[in-house]
Participant: 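Structure incoming, see below.
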Amino acid sequence: MNIKLKAPLKGEAKVPGDKSITHRAIIFSSLAEGRSVIHQPLLGADCLSTIDVFRRLGVTITVGAEQVIIESRGWQQFEEPVQALYTGNSGTTTRLLAGVMSGLPFRTILSGDASIGRRPMKRIIDPLTQMGARVSGSRHNTRTPLVIEPARIQGIHYTLPVASAQVKSAVLLAGLFAEAPVTVIENVRTRNHTETMLPVYGVPVKVEDKAITLGSRAIGQLHASDFTVPGDISSAAFLMVAALITPGSDITLHDVGINETRDGIIEVINKMGGAIEVDKQTTTGEPTAAIRIRYTENLKPLTIEGELIPRLIDELPVIALLMTQAAGTSVIKDAEELKVKETNRIDAVVEELSNLGFRLTATTDGMIIRSGRDHRQNAADSRGDHRIGMMLAVASLLLDEPVHIDGFDSIAVSFPDFMEMMERLGA
Ligand SMILES: O=C(O)C1=C[C@@H](OP(=O)(O)O)[C@@H](O)[C@H](O)C1
Ligand SMILES: C=C(OP(=O)(O)O)C(=O)O
């Protein structure tokens with residue numbers, strides 16, 4: 001697709017629902033007996049993959065534009081599937097559901113697309129196996145398809161070897177079925193939606209410093225509940241960066257989730273001197289805000305590393321683009337995890353933006369980003385990765401010629417209305 005976005009961006013918008021939270025709301029609602037309504041869900045392809053899996057287990061799920069209604073007879077009434085369960089392009093679906101399936105009384109097989117087939121699964125197979133789950137993967141237990149046999153799940157005290165909310169959540173979800181308490185220790189904090197949402201669905205969770213604990217057989221306390229999903233800050237990030245880098249822009253994004261484990265991009269924009277105003281809303285559930293962003297000249301370069309990285313992991317491709325507009329050299333460190341996302345996002349960002357003339361160098365754990373641009377080609381490849389596709393579309397705001405982006409339809413994974421929203425804001 002040929003894309004040339006023009007600015008300035010003006011006006012107000014509401015970004016789609018949070019992907020991580022929508023996945024979890026679908027999972028908890030499907031496991032619980034009764035009727036649950038998810039308000040303002042994300043209906044991107046990844047969340048539809050999670051819905052599809054539970055439909056195959058016999059859960060009735062009605063998808064509307066503003067809400068998803070889940071009517072379940074509870075996990076004990078799930079039907080044994082007669083096919084492998086397809087998880088599409090979604091790492092969250094694959095890893096979280098491996099935890100869930102570990103506790104079910106029948107055999108399941110989880111497999112996804114080619115990208116999922118390249119992503120590491122040993123990180124969940126190891127702790128699940130230690131819990132007594134019978135999970136095996138292809139290629140010496142490192143990849144999908146995952147074959148999961150019924151087993152008695154034991155308690156565990158597990159320290160996460162990688163900062164991953166998906167691994168933490170896989171252990172906690174299997175832990176719902178465990179015969180003894182389950183504790184996960186995370187030395188670097190990752191997104192906390194599993195532990196903050198479980199109590200809404202009736203399951204008490206003890207969070208003490210770095211330790212997250214569930215009681216034994218906690219699944220017994222799970223009940224149906226309604227849930228309102230806030231806007232996804234990871235989707236808002238593309239619009240925020242678009243406005244920051246295009247002269248004359250001034251936009252306000254409403255109802256953006258600003259959970260403290262997800263708000264790293266706000267810290268980055270502030271430290272770079274970007275014009276951002278965060279107006280916190282008083283809500284009972286997830287914290288949200290209206291975020292106003294204006295074009296900013298003379299952005300300051302920045303080095304980001306350490307505990308900040310998990311708080312903005314999915315925003316790094318578009319943050320790297322933002323850093324090309326700073327007056328000096330910026331550095332992203334401690335971000336090796338980018339190599340195992342939908343694609344190797346260190347290589348994808350550095351190579352695709354370098355092809356467009358921007359000045360980036362890959363390092364072992366991130367990248368170095370310099371200011372300025374040499375004119376190069378106007379063709380780029382999303383590599384089948386939604387976040388790379390949208391980052392490249394935002395990059396077109398900085399170019400004179402349209403950019404041809406291969407595989408742009410991958411954006412449907414997390415932000416199907418991205419182009420419509422950009423147009424509504426004047427792009
Ligand atoms: O738990 C989640 O919902 C997610 C966790 C993160 O992955 P990791 O746990 O692999 O870091 C993130 O990149 C992904 O988009 C969603
Ligand atoms: C990494 C991502 O998602 P997942 O791991 O669920 O495929 C993402 O959305 O950027």
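When a ligand or atom number is given, it counts from 1 through the structure's own listing order.
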Participant: Out of curiosity, is Glu315 lining ligand 2, as in a heavy atom under 4.0 Å away?
Facilitator: no
Participant: Check each atom of ligand 2 against the heavy atoms of His386 and keep those under 4.0 Å away; list them by number with element.
Facilitator: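 Those qualifying, in numeric order: 8 (C), 9 (O), 10 (O).
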Participant: In the protein, which heavy atom is nearest to atom 2 (C) of ligand 2, and how far is it?
Facilitator: Glu342 OE2, 3.0 Å
Participant: Are Asp279 and Arg292 close enough for a salt bridge, meaning some N to O gap below 4.0 Å?
Facilitator: no
Participant: Taking only heavy atoms of Ala165 into account, list the atoms of ligand 1 that are under 4.0 Å away from them.
Facilitator: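 Close to Ala165: 1 (O), 9 (O).
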Participant: With heavy-atom distances below 4.0 Å as the criterion, list the atoms of ligand 1 near Ser20.
Facilitator: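 What qualifies from ligand 1 is 2 (C), 3 (O), 4 (C), 16 (C).
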Participant: Give the residue, atom name and distance (to 0.1 Å) of the protein heavy atom nearest atom 9 (O) of ligand 1.
Facilitator: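 Nearest neighbour among protein heavy atoms for atom 9 (O) of ligand 1, to 0.1 Å: Ser164 OG, 2.7 Å.
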Participant: Identify, for atom 15 (O) of ligand 1, the protein heavy atom at the shortest distance, and state residue, atom and that distance.
Facilitator: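 Ranking protein heavy atoms by distance from atom 15 (O) of ligand 1, first comes Asp314 OD2, 2.6 Å.
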Participant: Can you check which of Arg95, Lys341, Glu337 brings a heavy atom nearest to atom 8 (P) of ligand 1?
Facilitator: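 Shortest heavy-atom distance from atom 8 (P) of ligand 1: Lys341.
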Participant: Ignoring angles and geometry beyond distance, decide whether Thr92 reaches within less than 3.5 Å of ligand 2 through its nitrogen or oxygen atoms.
Facilitator: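 Right, the criterion is met.
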Participant: Salt-bridged, Asp314 to Arg345, with N to O below 4.0 Å?
Facilitator: yes
Participant: Would you mind telling me if ligand 2 is within reach of the side chain of Arg95, the backbone, both or neither, using heavy atoms under 4.0 Å?
Facilitator: neither
Participant: I'd like to know if Gln166 contacts ligand 2, where contact means a heavy-atom distance under 4.0 Å to any ligand atom.
Facilitator: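 True for this residue.
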Participant: Determine, stepwise, if the pair Ile26 / Ile70 fulfils side-chain contact (heavy atoms from CB on, under 4.5 Å).
Facilitator: CA-CA 8 Å; Ile26 297 163; Ile70 300 193; 4.1 Å; yes
Participant: Looking only at distances, please establish whether an N/O atom of ligand 2 is found under 3.5 Å from an N/O atom of Arg387.
Facilitator: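 It does: an N or O of Arg387 is found under 3.5 Å from an N or O of ligand 2.
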Participant: Could you check which of Arg119, Arg24, His23, Glu315 puts a non-hydrogen atom nearest to atom 1 (O) of ligand 1?
Facilitator: Arg24
Participant: Which protein non-hydrogen atom lies closest to atom 4 (C) of ligand 1, naming both residue and atom, and how far is it?
Facilitator: Gln166 NE2, 3.5 Å
Participant: Pairs of nitrogen or oxygen atoms closer than 3.5 Å, one from Lys341 and one from ligand 2: do any exist?
Facilitator: no
Participant: Out of Thr87, Thr94, Thr22, Thr93, which one pairs with Thr50 under the side chain to side chain donor-acceptor pair (under 3.5 Å) rule?
Facilitator: Thr93
Participant: Which residue supplies the protein heavy atom nearest to atom 4 (P) of ligand 2, what is that atom called, and how far is it?
Facilitator: Gly91 N, 3.5 Å
Participant: Check ligand 1 against Lys19 and write out every atom of the ligand that is under 4.0 Å from a heavy-atom position of the residue.
Facilitator: 15 (O)
Participant: Using a strict 4.0 Å cut-off to heavy atoms of Arg119, name the atoms of ligand 2 that fall inside it.
Facilitator: 1 (C), 4 (P), 5 (O), 7 (O)
Participant: Is there a polar contact between ligand 1 and Ser169, counting only N or O atoms under 3.5 Å apart?
Facilitator: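 Looking only at distances, the answer is no, because the N/O contact criterion of under 3.5 Å is not met.
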Participant: Work out whether the distance between some heavy atom of His193 and some atom of ligand 1 is less than 4.0 Å.
Facilitator: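 No heavy atom of His193 comes that close to ligand 1.
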Participant: Non-hydrogen atoms of Ser90 versus ligand 2: any pair closer than 4.0 Å?
Facilitator: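 In this structure, Ser90 qualifies as a contact of ligand 2 - some heavy atom is under 4.0 Å.
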Participant: Looking at ligand 2, would Asn89 count as a contact under a 4.0 Å heavy-atom criterion?
Facilitator: yes
